[in-house]
Amino acid sequence: MSKDCGNHGEDDLRRSCRRLLGCLLFLAFLVAIIALIVYLVLRPTHPRFYLQDASLRQLDLSNGSSNLLSTTLQVTVASRNPNDRVGVYYDRLDVYASYKYQQITVAASLPPVYQGHGDVDVWSPVLAGPNVPFAPYLADALQQDCQAGYLILQVKIDGRVRWKVGSWISGHYHLFVTCPAFLVTTGGNGAPGASGFKFQTTTTCHVEV
């Protein structure tokens, strides 16, 4: 008799476990369906960035055994939130310039801002890099570019963002933006220098979130 009661208790435990597992699977399925519906309704896309201007104020390369580059560049960057129902918190935005993948200015921090649906924000930081060690092959490439009368710099933004839907706010996501800055001059002078270089055209930036 006691043996039958023991088997009955084990059967109840199995049925309870199956019910619990079924409930968990149903909840997971329900959450997946809700997430899919939210995605299809909101269609979230990353912010769009544009480089509107780049004014080169200084570009001096020291001569001698150690190559040191001093650069001062003022840029105007615009960001637009294309989402109709999703807001964006820019909690951290660091902007700097690079040449052929080498950072040539110190990162400038932009103030945190919330960007609502369809809003546009514009920043114009000054990027400076005094006496940055420069590899010899990059110094040669810079000389050649200046001789040819054109210069391509990269304006990069490294930051952290959060999404806002109604009263819900997401966790942090990493934001990385790359904007090509095309600078040209009428006739090269054979040496680096800010004189004569002008920003060519507004460019669309590549955005990764």
Side-chain angles (χ1 to χ4, degrees), residues 46-82 88 90 92-111 113 115 119-161 174-209:
H46 57 64
R48 295 172 183 168
F49 281 77
Y50 306 90
L51 181 63
Q52 297 182 335
D53 192 23
S55 178
L56 189 61
R57 298 180 178 178
Q58 180 186 18
L59 187 69
D60 296 329
L61 181 64
S62 65
N63 296 320
S65 57
S66 60
N67 294 311
L68 299 176
L69 180 67
S70 295
T71 309
T72 304
L73 179 73
Q74 182 169 16
V75 299
T76 300
V77 180
S79 171
R80 178 179 177 272
N81 178 11
V88 184
Y90 295 101
R92 179 178 63 81
L93 293 174
D94 295 329
V95 189
Y96 62 92
S98 69
Y99 174 76
K100 295 188 181 297
Y101 305 105
Q102 177 175 334
Q103 183 173 339
I104 59 175
T105 69
V106 177
S109 296
L110 302 180
V113 67
Q115 194 172 65
D119 286 353
V120 177
D121 288 280
V122 180
W123 303 275
S124 294
V126 175
L127 311 178
N131 297 323
V132 175
F134 214 48
Y137 76 93
L138 289 177
D140 293 339
L142 184 63
Q143 295 276 5
Q144 294 173 7
D145 287 348
C146 292
Q147 178 66 45
Y150 71 90
L151 187 62
I152 301 176
L153 302 178
Q154 302 288 337
V155 177
K156 298 190 176 185
I157 303 174
D158 191 335
R160 291 172 67 84
V161 298
H174 181 238
L175 174 75
F176 193 72
V177 183
T178 302
C179 309
F182 299 98
L183 304 166
V184 297
T185 184
T186 55
N189 58 10
S195 178
F197 278 104
K198 302 297 181 183
F199 183 66
Q200 183 71 2
T201 182
T202 298
T203 56
T204 301
C205 307
H206 176 70
V207 181
E208 297 178 14
V209 179

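Basis for what follows: all heavy atoms, side chains included, without hydrogens, waters or symmetry-related copies.
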- Could you walk me through whether F134 and L68 pass the side chain to side chain contact (heavy atoms under 4.5 Å, CB included) test, one step at a time? CA-CA 5 Å; F134 214 48; L68 299 176; over 6 Å; no
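- Counting only heavy atoms from C-beta outward, the side chains of L51 and T76 never approach each other to under 4.5 Å.
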### Query
Could you go step by step and tell me if Q147 and L142 meet the side chain to side chain contact (heavy atoms under 4.5 Å, CB included) rule?
CA-CA 9 Å; Q147 178 66 45; L142 184 63; over 6 Å; no
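- Side chain of E208 to backbone of T178: no donor-acceptor contact under 3.5 angstrom is found.
- Here the shortest heavy-atom pairing between A78 and V122 reads CB-CG2, 4.0 Å.
- Between Q102 and P133, the closest heavy-atom pair is NE2-O, 2.7 Å.
- Counting only heavy atoms from C-beta outward, the side chains of Y50 and C179 never approach each other to under 4.5 Å.
- K156 places none of its side-chain heavy atoms less than 4.5 Å from the side chain of V95.
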**OP:** Starting from the C-alpha separation in whole Å, work towards a yes-or-no answer on side chain to side chain donor-acceptor pair (under 3.5 Å) for D121 and Q115.
**Re:** CA-CA 7 Å; D121 288 280; Q115 194 172 65; 3.0 Å; yes
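- Rounded to the nearest 0.5 Å, atoms CZ (F197) and CG (L153) are 9.0 Å apart.
- Atoms CG and CD, on L56 and Q74 in that order, are 11.5 Å from each other to the nearest 0.5 Å.
- The shortest side-chain heavy-atom distance between L61 and Q143 falls under the 4.5 Å cut-off.
- Using a 4.5 Å heavy-atom threshold, the side chains of P47 and N81 count as separate.
- Of all heavy-atom pairs between A54 and L183, the closest is O-CD2, 3.7 Å.
- Nearest heavy atom pair, residue T203 against residue P180, reads OG1-O, 2.9 Å.
- Using a 4.5 Å heavy-atom cutoff, the side chains of Y99 and L151 are in contact.
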*Please assess D145 against Y150 for the test side chain to side chain contact (heavy atoms under 4.5 Å, CB included), listing each intermediate value before the final yes or no.*
CA-CA 6 Å; D145 287 348; Y150 71 90; 3.6 Å; yes
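- Separating the SG atom in C205 from the CZ atom in R48 is a distance of 13.0 Å, to the nearest 0.5 Å.
- By the 4.0 Å N-to-carboxylate-O rule, D94 lies close enough to R92 to be salt-bridged with it.
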L138 and L69: CA distance, side-chain angles, deciding distance, side chain to side chain contact (heavy atoms under 4.5 Å, CB included) verdict
CA-CA 10 Å; L138 289 177; L69 180 67; over 6 Å; no
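- F49 and Y90 make their closest contact through CZ-CE2, 3.9 Å (heavy atoms, listed as atom of the first residue, atom of the second, distance).
- Proximity of S79 to W123: side-chain heavy atoms (C-beta onward) are separated by under 4.5 Å at one or more points.
- Contact check for V106 versus Y96: no side-chain heavy atoms found under the 4.5 Å cut-off.
- Under a 3.5 Å cut-off, the side chain of T105 and the backbone N or O of L127 do not form any donor-acceptor pair.
- Heavy-atom minimum distance, C146 versus L59: SG-CD2, 4.5 Å.
- In this structure a side-chain-to-backbone donor-acceptor pair under 3.5 Å is missing from T72 to A128.
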